[in-house]
Protein chains: 2
Amino acid sequence: MTLDMPDSLLTARDRFDRLHADLRDRICLLDYAPGTRLSEEKLAAEYGVSRTPLRRVLARLESEGLVQSVHGVGTFVTDVDIEELAQTYQLRLELAEMVGRLSPVPPSPEILARLARAADRARTLVTAPDPRAFAQLNMEVFLARLSLTANEALREFAERLYIRTARIWLKSVFASRVDLAEETEMFLREIEEVEAALATGDLHAAALIQRAHISMSFTRMKTGRRPGRG
Amino acid sequence: MTLDMPDSLLTARDRFDRLHADLRDRICLLDYAPGTRLSEEKLAAEYGVSRTPLRRVLARLESEGLVQSVHGVGTFVTDVDIEELAQTYQLRLELAEMVGRLSPVPPSPEILARLARAADRARTLVTAPDPRAFAQLNMEVFLARLSLTANEALREFAERLYIRTARIWLKSVFASRVDLAEETEMFLREIEEVEAALATGDLHAAALIQRAHISMSFTRMKTGRRPGRG
DNA sequence: TCGGCCGGTGTTGTGCACATCACGCAGCAG
DNA sequence: CTGCTGCGTGATGTGCACAACACCGGCCGA
């Protein structure tokens, strides 16, 4: 997944960022389910470092709300609950709309190409649903679309909010509270609508589309599948 | 400033929070000017701990954008520049308005009392201007008004944004780019207007007033005092 | 005189041993 | 049988010594 380099060219910050991103993805993709205990010693051994820099990563993850450390007990992956995250989602909606309003930047050909490739992958996922691959694709698209605003603070906070809420969708899929096929189709439609909006240069419209889909996705998770459908 | 307790009743998290809040305030109140080098060893000695827990605090401050550590060089207080913080201010404006729109809670008598006391202190500061005391009062009022929303995520992010931009005002005062007396009067008017809005129960209006004053404050700093006035 | 090399010095980053804490279980008194 | 007390075990938190690194000044050679 990540390219390997000789340690001589890896600075301390690079190692930190790599460990942080790796553990963050594991948590967001439910490789570590909520409640899982993360052993500092085992993780340090796995990554080939001592506990000291690994604890620094865990402290960052704790500040982001992904884990929680308790002295003498352990470090645990936090749980995500739809009711508790309702307000977080409210804020996400507002920030999503702001991405198209504060310091918007015209989409570069690279961004459009990435969206096109994402749409292709989404079409593949429609025929062969895969929750984890879908969650990963969703995250990549979200981060790519953040580049449509030049407001760094907005990007940073929107990403933090996304990270905090990303797991709830995958959890809903595993709990069969949402239908994976339906979710994949909706996501594909969202990308296509966004591509159309960007083609006309209407960045605010693209942002409103994303806001609408985030809202609808949350409603589907909160409501759950109607009995008798699946 | 902070109450002392026997170490036996102080948990690790308490110590962390205390050090973090203390260093954060020192930076935000310009006790440590931008560019100042923070010696881990000296700070650890001052707080009576070893470098290990202190480094944890510095890492948190770095994630909040208040300091920056460079391997082999030192840990430095970051600088704040009006031009660079323009986008951060844009986001602050939006969040300030959201405080009155997302999950508003009726002001408790305690909040109203705190505002009234803040107004009294502001009137004192009008007659005897004091930049540092004003900045401290401003921060207290800001945090108090955040309690007018039940949206925890919004509170957290609004506070983080405030912390990141708080120093620019005090810096502008010391650079004589804004007039302290004028700023104090404007702040007093803001509190009184907010009190009037809260008295009618219009939380959104109170939020819009704050948004307007944040915007005007930023404009005053960006424009600077007109020559021939001061 | 100028440029590059090189070691001294002070800093942050890392590894490791120990302190501190919480939980669980065995043992025992009532 | 019940409840509690004490200890063993394993976790996170802390202190300390050393490694890695950057800056700076002197030195040497061209």
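Throughout, a chain's letter reflects where its sequence line sits, starting with A, and its residues are numbered from 1. Any value given below was found using the heavy atoms of this structure, including those in side chains, with hydrogens, waters and symmetry copies removed.
With rounding to whole Å, A:R13 atom CZ is found 16 Å from D:dC21 atom P. Straight-line distance from the CD atom of B:E41 to the P atom of C:dT12: 9 Å, rounded to whole Å. Here the C1' atom of nucleotide C:dC21 and the CD atom of A:E40 are 14 Å apart, to the nearest Å. Across the protein-nucleic acid pair, A:L19 atom CG and C:dT14 atom P stand 10 Å apart, rounded to whole Å. The distance between atom CZ of A:F76 and atom C1' of C:dC23, rounded to the nearest whole Å, is 11 Å. Nucleotide D:dA20 holds its P atom 10 Å from the CZ atom of A:R15, rounded to whole Å. Taking atom CD on A:Q68 and atom C1' on D:dA11, their separation rounds to 15 Å, with Å as the unit. Computed from coordinates, the A:D17 CG to C:dG13 C1' distance equals 15 Å when rounded to whole Å.
A:R177 places a side-chain N or O within donor-acceptor distance of the main-chain N or O of A:M221, the cut-off being under 3.5 Å. The backbone N or O of B:A33 lies less than 3.5 Å from a partner atom in the side chain of B:T36, making a donor-acceptor pair. Looking only at distances, a side-chain donor or acceptor of B:T149 sits under 3.5 Å from a matching main-chain atom of B:L102.
Candidate nucleotides D:dT14, C:dT12, C:dT20 were compared by shortest atom distance to the side chain of A:H71, and C:dT20 ranks first.
Relative ring orientation between B:Y162 and B:F142 is described as parallel, the plane-to-plane angle staying below 30° on a 0-90° scale split at 30° and 60°.
Checking B:V70 against A:L38, the closest nucleotide of DNA chain D that is more toward the 5' end is the one next to A:L38. Of the two residues near DNA chain C, A:V73 and B:T52, the one whose nearest nucleotide lies more 5' is B:T52.
An OP1 or OP2 oxygen of C:dT14 is reached within less than 4.0 angstrom by no side-chain nitrogen or oxygen of A:S50. Between A:R51 and the phosphate of C:dT14, there is no side-chain N or O to OP1/OP2 separation shorter than 4.0 Å. Applying the 4.0 Å criterion to OP1 and OP2 of D:dT12, one finds that A:R37 has every side-chain N and O outside that range. Taking 4.0 angstrom as the limit, B:T75 places a side-chain polar atom (N or O) nearer than this to OP1 or OP2 of C:dT12.
Between the side chains of B:T165 and B:R92, at least one donor-acceptor pair of N or O atoms lies under 3.5 Å.
If you check every strand for non-hydrogen atoms under 4.0 Å, A:R55 touches a base.
The base of C:dC21 is not paired with the side chain of B:T11 by any donor and acceptor separated by under 3.5 Å.
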